[in-house]
Amino acid sequence: MDGFELAELMRGTERTRAVPIIFVTGVAAEPARMFKGYETGAVDFLVKPVEPRLLRSKVDTFVELHRQRHQLSSQLAQLKEMLRLSDMFVAVLGHDLRGPLQSVELGAQVILGKPEDTNAVLRMANTMQRASRRMARLIEQLLDFARARLQGGGIPVLPVACDLGDLTRAALSELEPTAAERVAFELSGDTGVTWDRDRIGQVLSNVLGNAVQHGTEGTPIQIAVGGDATRVSVVVRNQGHVPPETLPMLFDPFTRAESGRQRRGAGLGLGLYIVDQIVRAHGGHVEVDSTPEAGTTFRIAL
C-alpha cells in the first residue's frame, strides 16, 4: 500500500476522515503526483530532507484548526440548545399565562355587568387577585430564568445575616391554611447564616409549594431544618412519587411531572430549576430521591 492508497482508506473511514494528511516524499515536486495526492485527501506536501521547524509549524497549524473546529461545534450545540429553550419558553409562557388572563378578563366583565351585586363583585375581585398574583409569580420565574441564563454563573445573591428557622416559618405562613396544617416542622442546631434572605426564602417557598402540590392529597409533609458551624440542611418529605424517567431531569428548565389534578394550577416548570440555581449560587447542592413506598425527599445542603 502506498501513501495514496492509505489516504483514500483514511478518507473512507469515519474515524480517520478528519485527520489532516501531510505527504513526505523524497521525490522532487511533480505536479501530477501532487494533484493526485490532493485528490486523495492530502493537505500538504513536504520534500525531504524535512526542515523540523517547518514540519512542527504545519502540525501546530492543524492542531489549532482542530481546536477551533471543536470550539465552533460546542458553540453550535449551545446555540441549538438556546433556540430549543427559547421555543419552549414561548410555548409554555403562552399556555400558562392564558388561564389567569382569562380570569382577569372574566372578572372585569362580571364587575361591569353586575355592579349592583356586591357579593358577585367581591367573589370576582378575589379571583382576579389570585390570578394577578399567579401571573406575578410566573413573570418572576421568567425573570429569574433569564438572569440565570444571562449571568452564566447563576442567579446573583446579596448575602445578609438571617436565620433559616425564621425564613422557614415565613414560607410556611404563605401556605394556604389547609396545606399548612399538613406540615410538620422540626428545627435543630444553629441556623444563623449569612445568605441572600429573599433568595433562600424563594427556595423554601418553591420546595414547600412543590411538596404540597405534588404530594398525595391529605397526607403529611415533613420539613426538618438543622445546622452547625459549617453546614445547614433542609429536608422536605411528602408521600408523592416522581416517575423514574422524570427524576434525572427534575432540575432542568420547563420540566413538569404532574397529574391532571395538579396541572391546572401548575407553574412554568421553572421552580426547581431556580431552586437549584439559587442553591448553587450559595455554594450548596440539592438532591432528590423518590419511591412509591417511601415518597419523595428533597435534601438541600448549604
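Interatomic distance, CG of Leu272 versus CD of Gln277, reported as 12.0 Å (0.5 Å rounding). Here the straight-line distance linking atom CZ of Arg69 with atom CG of Leu72 works out to 9.5 Å at 0.5 Å rounding. Here the CG-NZ distance, from Leu76 to Lys80, works out to 4.5 Å after rounding to the nearest 0.5 Å. Here the CD atom belonging to Glu287 is positioned 4.0 Å from the NE2 atom belonging to His285, to the nearest 0.5 angstrom. To the nearest 0.5 Å, atoms NE2 (His282) and CD1 (Ile300) are separated by 11.5 Å. Annotation: the span from Glu64 atom CD to Arg67 atom CZ amounts to 6.0 Å, rounded to 0.5 Å.
Remark: Arg231 does not engage Asp228 in a salt bridge, criterion side-chain N to carboxylate O under 4.0 Å. Between Arg11 and Glu8, none of the side-chain N atoms (NZ, or NE/NH1/NH2) sits under 4.0 Å from a carboxylate O, so this pair counts as no salt bridge.
One hydrophobic cluster, built from ILVMFWY side chains closer than 4.5 Å, holds both Val193 and Ile223. One hydrophobic cluster, built from ILVMFWY side chains closer than 4.5 Å, cannot hold both Val235 and Leu167; they sit in different ones.
Ala301 approaches Val279 most closely through the heavy-atom pair O-CG1, 4.3 Å. Among all heavy-atom pairs drawn from Gly227 and Thr191, the shortest one is N-CG2, 4.4 Å. For the pair Val225 and Phe185, the tightest heavy-atom approach, listed with the atom from each and the gap, is CG2-CE1, 3.8 Å. The minimum heavy-atom distance between Ser290 and His241, with the atom names listed, is OG-ND1, 3.2 Å. A pairwise comparison of heavy atoms in Ala171 and Leu204 identifies CB-CB, 3.9 Å as the closest pair. The shortest non-hydrogen separation linking Met1 to Glu5 is CA-OE1, 3.0 Å.
Distance alone, capped at 3.5 Å, is enough to place a donor-acceptor pair between the Arg197 side chain and the Ala161 backbone. For the pair Thr13 (side chain) and Leu9 (backbone), a donor-acceptor distance under 3.5 Å is present. Remark: side-chain polar atoms of Thr291 are paired, donor with acceptor, to backbone N or O of Ala294 under 3.5 angstrom. Between the side chain of Thr194 and the backbone N or O of Val160 there is no donor-acceptor pair closer than 3.5 Å. Within the 3.5 Å criterion, the main-chain N or O of Gly201 finds a donor-acceptor partner in the side chain of Ser205. For Thr168 (side chain) and Leu164 (main-chain N/O), a donor-acceptor pair under 3.5 Å exists by modelled atom type.
Taking the side chain as every heavy atom from C-beta outward, Leu175 and Leu172 approach each other to under 4.5 Å. A heavy-atom distance below 4.5 Å is not found between the side chains of Thr25 and Lys48. Thr40 has its side chain within reach of Phe23: a pair of non-hydrogen atoms, C-beta onward, lies under 4.5 Å apart. Annotation: side chain of Val236 is not in contact with side chain of Thr296 (no heavy-atom distance under 4.5 Å). Taking the side chain as every heavy atom from C-beta outward, Arg182 and Thr219 approach each other to under 4.5 Å. With contacts defined as side-chain heavy-atom distances shorter than 4.5 Å, the pair Trp195/Asp163 does not qualify. Within the 4.5 Å cutoff, the side chain of Gln202 has heavy atoms near those of the Ile278 side chain.
With side-chain heavy atoms closer than 4.5 Å counting as contact, directly or through intermediates, the hydrophobic cluster containing Leu65 also holds Ile22, Val24, Val43, Leu46, Val50, Leu54, Leu55, Val59, Phe62, Val63. Residue Leu158 shares its hydrophobic cluster (ILVMFWY side chains chained together at separations under 4.5 Å) with no other residue.
With sequence neighbours excluded, no residue satisfies ring-ring contact (aromatic ring centres under 6.0 Å, His included) with Phe251. When the ring-ring contact (aromatic ring centres under 6.0 Å, His included) test is applied to Phe35, no partner is found at least two apart in sequence or on another chain. Under the side-chain hydrogen bond (donor to acceptor under 3.5 Å, both in side chains) criterion, Arg280 pairs with Asp276, not counting sequence neighbours. Annotation: side chain to side chain contact (heavy atoms under 4.5 Å, CB included) contacts of Ala170 (sequence neighbours excluded): none.
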(request) Any chance you could lay out the salt bridge (Lys or Arg N to Asp or Glu O under 4.0 Å) test for Glu14 and Arg17, step after step, and finish with the verdict? (result) CA-CA 5 Å; Glu14 181 66 29; Arg17 185 172 296 164; 3.0 Å; yes
(message) What verdict does the side-chain contact (heavy atoms from CB on, under 4.5 Å) test give for Arg237 and Arg299, after you've listed the backbone C-alpha separation in whole Å, the side-chain angles of each residue and the deciding distance to 0.1 Å?
(response) CA-CA 9 Å; Arg237 293 187 178 90; Arg299 295 180 179 86; 4.2 Å; yes
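Taking the six-membered ring where the residue is Trp, Tyr38 and Phe45 present perpendicular rings, their angle passing 60° and hence far from 30°.
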